[in-house]
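First the structure, in the form of structure tokens, and then the observations on it.
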Amino acid sequence: QKLAESSSSSGATALRVATANSPAAIKAEARKIAEVLGTMGRFDAWSKNFDSLAENLRSRARAAWPRGKVLAQKMIRPFVEWLGLEIAGEFGPAEPSPALVLALAGTRPLLVIDNYHSPSGKPIAETAGAAYVQLINFPGKDGTQTIEDVFRHNADALIKAAKK
């Protein structure tokens, strides 16, 4: 709030953007920014390419995990829902209690999908005997630089986890 207030006195425009990692959310926020910056033509071109990339990655990840329940860390859930995986439960971002570990393990998930930036699901995966993977919310890990890189990284991580 203080940043927005101080920037408005300089004539800058402050925008509040949501950060859920689903294509619809990302595109809605990118559109909002493009409208303010007057770059809708660039947004339209990016959006078309992003849609194509996202659907390709979604198809590959869903093929790797065609059925079976998964558990998802709260901040990763929008991405997992977009993939269309069956979410049996949610955890985090705080460390799960022993009771929650047992309850979630009792859902018999095939996969526990955790958040690399705030991991807390490993004990659940170990207790359930499930595969475990960490996904990212934003660029930085393994040389990722763009939101497209984040989506590629996450799809590749899910596909690799399916092969274990």
Side-chain angles (χ1 to χ4, degrees), residues 1-62 64-65 69-96 100 104 107 109 111-122 124-125 132-161:
Q1 185 65 31
K2 288 183 180 186
L3 180 62
E5 289 169 3
S6 66
S7 67
S8 66
S9 65
S10 69
T13 301
L15 291 176
R16 178 170 290 199
V17 294
T19 57
N21 273 353
S22 72
I26 289 166
K27 285 176 55 178
E29 299 309 305
R31 173 181 288 281
K32 188 187 310 182
I33 294 166
E35 287 171 347
V36 169
L37 296 176
T39 57
M40 286 302 297
R42 290 177 64 189
F43 167 80
D44 291 338
W46 169 82
S47 178
K48 185 177 176 182
N49 289 333
F50 183 66
D51 285 344
S52 177
L53 171 73
E55 282 309 310
N56 175 272
L57 295 174
R58 180 180 183 196
S59 173
R60 290 179 46 229
R62 285 190 69 173
W65 293 98
K69 294 181 266 188
V70 303
L71 300 174
Q73 198 265 4
K74 182 178 182 171
M75 303 308 289
I76 295 295
R77 187 174 183 137
F79 182 80
V80 177
E81 286 175 336
W82 166 72
L83 288 174
L85 301 180
E86 181 185 348
I87 300 173
E90 176 183 290
F91 60 92
E95 287 291 322
L100 183 59
L104 290 174
T107 67
L111 175 65
V112 175
I113 305 172
D114 209 349
N115 184 341
Y116 168 80
H117 307 287
S118 153
S120 60
K122 188 97 172 159
I124 300 166
Y132 176 79
V133 66
Q134 291 181 344
L135 304 185
I136 59 176
N137 283 334
F138 47 84
K141 182 178 183 340
D142 297 332
T144 55
Q145 297 181 354
T146 66
I147 196 64
E148 293 88 350
D149 291 344
V150 168
F151 273 64
R152 282 185 201 97
H153 180 280
N154 287 347
D156 290 347
L158 284 165
I159 293 164
K160 185 177 177 181

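Note that the structure is predicted; figures quoted are calculated from it, not measured.
To the nearest 0.5 Å, atoms CE (Met75) and CD (Glu90) are separated by 10.0 Å. How far CD1 of Ile76 is from CZ of Phe91: 9.0 Å, rounded to the nearest 0.5 Å. Note that CD of Glu55 and CG of Leu53 are 10.0 Å apart. Values are rounded to the nearest 0.5 Å. A distance of 10.0 Å separates CG in Leu57 from CD in Glu148, rounded to the nearest 0.5 Å. Rounding to the nearest 0.5 Å places OG1 of Thr19 at 9.5 Å from CZ of Phe138.
In terms of heavy-atom proximity, Ala88 sits nearest to Leu71 at C-CD2, 3.9 Å. The minimum heavy-atom distance linking Tyr132 with Gly121 is given by the pair CE1-C, 3.7 Å. Closest heavy-atom contact between Thr144 and Gly140: OG1-N, 2.7 Å. When all heavy atoms of Gly92 and Lys74 are compared, the closest pair comes out as O-CB, 3.7 Å. Contact detail for Ala161 and Val133: the closest heavy-atom pair is CB-CB, 4.0 Å. For Pro139 against Ile147, the heavy-atom pair with the smallest separation is CG-N, 4.4 Å.
Using bins of under 30°, 30° to 60° and over 60° for the plane-to-plane angle, the ring pair Trp82/Phe79 lands in the tilted bin.
Within the structure, every pair that satisfies the salt bridge (charged side-chain N to carboxylate O under 4.0 Å, His left out) test and touches residues 32-50, not counting sequence neighbours, is listed here: Glu29-Lys32.
Looking only at distances, a side-chain donor or acceptor of His117 sits under 3.5 Å from a matching main-chain atom of Asn137. Under the 3.5 Å distance criterion, the side-chain polar atoms of Ser118 are left unmatched by any main-chain donor or acceptor of Asn115. The backbone N or O of Leu83 lies less than 3.5 Å from a partner atom in the side chain of Arg62, making a donor-acceptor pair. Judged by distance alone, the side chain of Lys141 and the main-chain N or O of Tyr116 form no donor-acceptor pair under 3.5 Å. Checked by atom type and distance alone, the side chain of Trp65 pairs as donor or acceptor with a backbone atom of Leu158 at under 3.5 Å. With hydrogens and angles disregarded, no donor-acceptor distance shorter than 3.5 Å links the side chain of Asn154 to the backbone of Leu135. No donor-acceptor distance shorter than 3.5 angstrom exists from the side chain of Ser52 to the backbone of Asn49, with no hydrogens or angles considered. Between the side chain of Asp114 and the main chain of Ser120, a donor-acceptor pair closer than 3.5 Å is present.
At a threshold of 4.5 Å between non-hydrogen side-chain atoms, the residues Asn21 and Pro78 do not count as touching. Using a 4.5 Å heavy-atom threshold, the side chains of Ile124 and Pro96 count as touching. Counting heavy atoms from C-beta outward, Ile113 and Leu85 have side chains that approach closer than 4.5 Å.
Under the side chain to side chain donor-acceptor pair (under 3.5 Å) criterion, Arg60 pairs with Asp156, sequence neighbours left out.
Cation-pi geometry between Lys27 and Phe50 is not met: the NZ or CZ atom fails to fall both under 6.0 Å from the ring centre and inside 45° of the normal.
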